[in-house]
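Have a look at the structure below, then the notes.
For this chain, numbers begin at 1 and follow the sequence in order. Counting starts at 1 for both ligands and their atoms, following the listed order.
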Amino acid sequence: MKSPTDGARGLTTRLRTAKGRTTASQKWLERQLNDPYVRAAKAAGWRSRAAFKIIELDEKYKLFRPGQRVVDLGAAPGGWTQVAVQRVGDRGKVVGLDLLPMDVIPGATLLQGDFEDAAVEQEVLAALDGPADLVLSDMAPNTTGHNATDHLRILNLIELALHFGAKVLVPGGAFVAKVFQGGTERDMLNWLKRDFASVKHAKPPASRKDSAEMYVVAQGYRGEKP
Ligand SMILES: C[S@@+](CC[C@H](N)C(=O)[O-])C[C@H]1O[C@@H](n2cnc3c(N)ncnc32)[C@H](O)[C@@H]1O
């Protein structure tokens with residue numbers, strides 16, 4: 001696929017006035033306005049620039065196939081869900097969950113709730129109504145600014161997503177999750193390596209270089225059902 005950064009015009013938008021804006025929000029806005037992925041997402045009708053991350057991961061790891069059943073955790077505003085719906089087609093099924101409400105995406109079942117809440121996990125299971133071929137998690141908690149707390153919260157979300165994957169994935173299924181700080185924790189990595197034939201860490205080009213975000217891509221599920 002042509003990358004959104006290919007042939008970028010090199011024009012930089014600078015905001016004329018920062019009146020009433022904090023430096024951080026002005027920087028964010030300038031970055032958005034100058035980001036080729038933001039422009040390309042808008043042009044392609046994707047709800048988020050994050051859509052390109054899953055597109056790039058799919059190009060590298062061949063994640064999607066027509067007819068697959070996919071769960072997308074931390075789905076809002078819906079870029080990954082849109083890509084999943086398009087790639088699994090009419091015979092597939094896509095269930096997306098987020099803390100935040102999402103506008104309808106034709107072809108997907110969208111739920112609102114906190115994945116840390118066991119009742120919400122049950123709702124996702126009910127909506128899925130069967131096994132999954134692919135579990136995606138782009139969940140990222142709001143940071144508190146306290147590094148140790150933030151790290152634990154992120155780890156908890158990844159672990160919950162992985163537990164969920166163990167419950168629903170078919171043999172041969174795949175799990176993709178956002179991880180931070182140089183990859184997956186040792187215990188989690190051992191768990192993944194035991195239960196999946198292949199475990200890779202990847203930073204897709206659409207993931208900002210200055211962000212510690214990366215993804216773990218585990219394929220070929222062979223674990224036992226918990
Ligand atoms: C980076 S965004 C996801 C972007 C999405 N993949 C897309 O393509 O549009 C991370 C999302 O995770 C969600 N999230 C964080 N913690 C969550 C939780 N405990 N349960 C459900 N969603 C959660 C946030 O609300 C946020 O919308």
Side chain to side chain donor-acceptor pair (under 3.5 Å) filter on R49, not counting sequence neighbours, yields D35
If we count only N and O atoms by modelled type, under 3.5 Å, do the side chains of W191 and D187 hold a donor and an acceptor together? no
Do you see a donor-acceptor pair shorter than 3.5 Å between the side chains of T143 and D150? no
Neighbouring protein residues of ligand 1 - any heavy atom closer than 4.0 Å: S48, A50, G74, A75, A76, P77, G78, G79, W80, D98, L99, L100, G113, D114, F115, E116, D138, M139, A140, L157, K178
Which pairs, with at least one residue in residues 61-92 and sequence neighbours excluded, count as a ring-ring contact (aromatic ring centres under 6.0 Å, His included)? W80-Y215
For F196, enumerate each residue passing the ring-ring contact (aromatic ring centres under 6.0 Å, His included) test, keeping only those at least two apart in sequence or located in another chain. Y221
Judged by modelled atom types alone, do E116 and N156 share a side-chain donor-acceptor pair under 3.5 Å? yes
